[in-house]
Amino acid sequence: MIADRNDEGPLAAPALQRALRRWRTLNRIKQAHAAELLGVAQSTISRWESGRQCFEPSEARKVQALVGTRFSSAADAVLARLIRESGRPIHLVCDTSHRLLACSRVRAAGFGVPDADLIGRSLWRYSTPELIAEEAHLASCGWYDSAAPAPVEFETGDNGVCHVPIRPGRCRWTRMALSDGMPARLVETLS
């Protein structure tokens, strides 16, 4: 059953490599300082970013926590408020970790748990096979090549989960940068 998966989000190395490099660039952090923050050698950061070394699962979780998208400005807070007040079933997640950043009241009304219990947690474990397949396709369609690629629309099926249900229908993902430059993903249910 999909709900029993323990994974916190896709740990796809290319996406995490790009996220780490982007985070360092945006924050003007050298590899040596990133290495200190992550408890690894500077050469490990270099090998991760170049793809010459794979992330261990525990390392990937540390990197995701470090580079994950956060609301850090008044503009981000306004975006979160607009999402919460939207009359449409939408939510915003970190594009790297799939951690829930904000959701509309309409979306939250469909949850079997309070949305406050989900904020900051990855929704990846509730994915459908269609969502997983679309996620795997993002790199080949240029999703990570620009700050604002074209939105992606696709059909998804039911995940069979009561507390974070996904029903069959059409979905749209729109990638956007928050005020700190880190990518977020607006998820909309279209039908």
Side-chain angles (χ1 to χ4, degrees), residues 5-83 91-103 116-127 131-132 134-152 173-187:
R5 290 198 323 242
N6 289 322
D7 48 333
E8 281 295 310
L11 302 179
L16 206 48
Q17 291 162 357
R18 285 187 294 271
L20 178 58
R21 191 173 317 118
R22 180 178 178 85
W23 175 82
R24 282 193 325 95
T25 301
L26 289 169
N27 292 287
R28 297 184 177 129
I29 293 177
K30 295 188 180 290
Q31 286 182 344
H33 184 62
E36 287 177 32
L37 294 172
L38 293 166
V40 299
Q42 180 275 324
S43 58
T44 301
I45 300 292
S46 177
R47 287 191 302 269
W48 283 344
E49 289 183 356
S50 68
R52 293 187 324 254
Q53 181 175 331
C54 295
F55 296 95
E56 293 294 326
S58 62
E59 295 168 335
R61 284 189 291 278
K62 285 181 183 178
V63 172
Q64 281 185 335
L66 182 65
V67 306
T69 304
R70 295 169 189 77
F71 291 133
S72 59
S73 73
D76 293 342
V78 169
L79 175 62
R81 181 176 49 80
L82 291 172
I83 289 169
H91 63 278
L92 188 72
V93 296
C94 170
D95 197 48
T96 304
S97 67
H98 295 268
R99 292 186 193 289
L100 182 64
L101 301 171
C103 71
D117 292 350
L118 297 171
I119 296 291
R121 295 185 55 203
S122 175
L123 298 184
W124 184 249
R125 68 184 63 200
Y126 308 111
S127 296
L131 291 169
I132 293 166
E134 196 62 37
E135 183 76 26
H137 176 70
L138 289 178
S140 65
C141 73
W143 184 262
Y144 304 106
D145 297 335
S146 73
V152 175
W173 288 342
T174 305
R175 189 173 197 242
M176 62 183 68
L178 295 182
S179 62
D180 64 359
M182 295 306 292
R185 184 182 305 180
L186 183 65
V187 179

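Along the sequence shown, the residues carry numbers beginning at 1. Quick caveat, the model's predicted, so the values are computed rather than measured.
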S46: what forms a side-chain hydrogen bond (donor to acceptor under 3.5 Å, both in side chains) with it, not counting sequence neighbours?
-> none

Drop me the distance from L16's CG to F55's CZ, to the nearest 0.5 angstrom.
-> 4.0 Å

Only counting residues at least two apart or in another chain, list the ones meeting salt bridge (Lys or Arg N to Asp or Glu O under 4.0 Å) with R81.
-> E85

Atom pair CG/CG of L20 and L38 - distance to nearest 0.5 Å = 7.0 Å

Between CD on residue Q17 and CD1 on residue I45, distance to nearest 0.5 Å | 11.5 Å

Would you call H98 and R125 a side-chain contact if the rule is heavy atoms closer than 4.5 Å?
-> no

Spell out, as yes or no, whether a donor-acceptor pair under 3.5 Å connects the side chain of D76 to the backbone of L178.
-> no

Tabulate below the donor-acceptor pairs under 3.5 Å that side-chain atoms of residues 137-144 make, not counting sequence neighbours, or state none.
{"from": "H137", "atom 1": "ND1", "to": "S140", "atom 2": "OG", "distance (Å)": "3.1"}
{"from": "S140", "atom 1": "OG", "to": "H137", "atom 2": "O", "distance (Å)": "2.8"}
{"from": "W143", "atom 1": "NE1", "to": "D95", "atom 2": "OD1", "distance (Å)": "3.3"}
{"from": "W143", "atom 1": "NE1", "to": "D95", "atom 2": "OD2", "distance (Å)": "3.1"}

Exercise: identify the closest heavy-atom pair between L92 and A184 | CD1-CB, 3.8 Å

Partners meeting side-chain contact (heavy atoms from CB on, under 4.5 Å) with A41 (sequence neighbours left out) = S43, T44

Pairing residues for Q42 by the side-chain hydrogen bond (donor to acceptor under 3.5 Å, both in side chains) criterion, not counting sequence neighbours | Q31

Are the side chains of T96 and V63 in touch, meaning some heavy atoms are under 4.5 Å apart?
-> no

L123 vs H91, side-chain contact (heavy atoms from CB on, under 4.5 Å): CA-CA, chis, key distance, verdict | CA-CA 11 Å; L123 298 184; H91 63 278; 3.8 Å; yes

Quick one: list whatever passes ring pair (Phe, Tyr, Trp, His ring centres under 6.0 Å) with W23, sequence neighbours left out.
-> none

Mark yes or no for whether R21, through its side chain, and E49, through its backbone, hold a donor-acceptor pair below 3.5 Å.
-> yes

Sorted by chain and residue number, the side-chain contact (heavy atoms from CB on, under 4.5 Å) partners of I119 (sequence neighbours excluded) come out as L100

Partners of R28 by side-chain hydrogen bond (donor to acceptor under 3.5 Å, both in side chains), sequence neighbours excluded?
-> none

For W173 and L131, run side-chain contact (heavy atoms from CB on, under 4.5 Å): C-alpha distance rounded to whole Å, both residues' side-chain angles, the deciding distance at 0.1 Å, then the answer.
-> CA-CA 10 Å; W173 288 342; L131 291 169; 3.5 Å; yes

Measure the spacing between OG of S97 and CZ of R185 and express it to the nearest 0.5 Å.
-> 10.0 Å

Grab the two heavy atoms, one from R99 and one from G120, that are nearest each other, plus how far apart they are.
-> CD-O, 3.3 Å

Flag the pair S127 / E135 as yes when at least one side-chain heavy-atom distance between them is below 4.5 Å, and no otherwise.
-> no

Partners of S58 by side-chain hydrogen bond (donor to acceptor under 3.5 Å, both in side chains), sequence neighbours excluded?
-> none

Spatial distance of atom CD (Q53) from atom CD (E59) [nearest 0.5 Å] = 6.5 Å

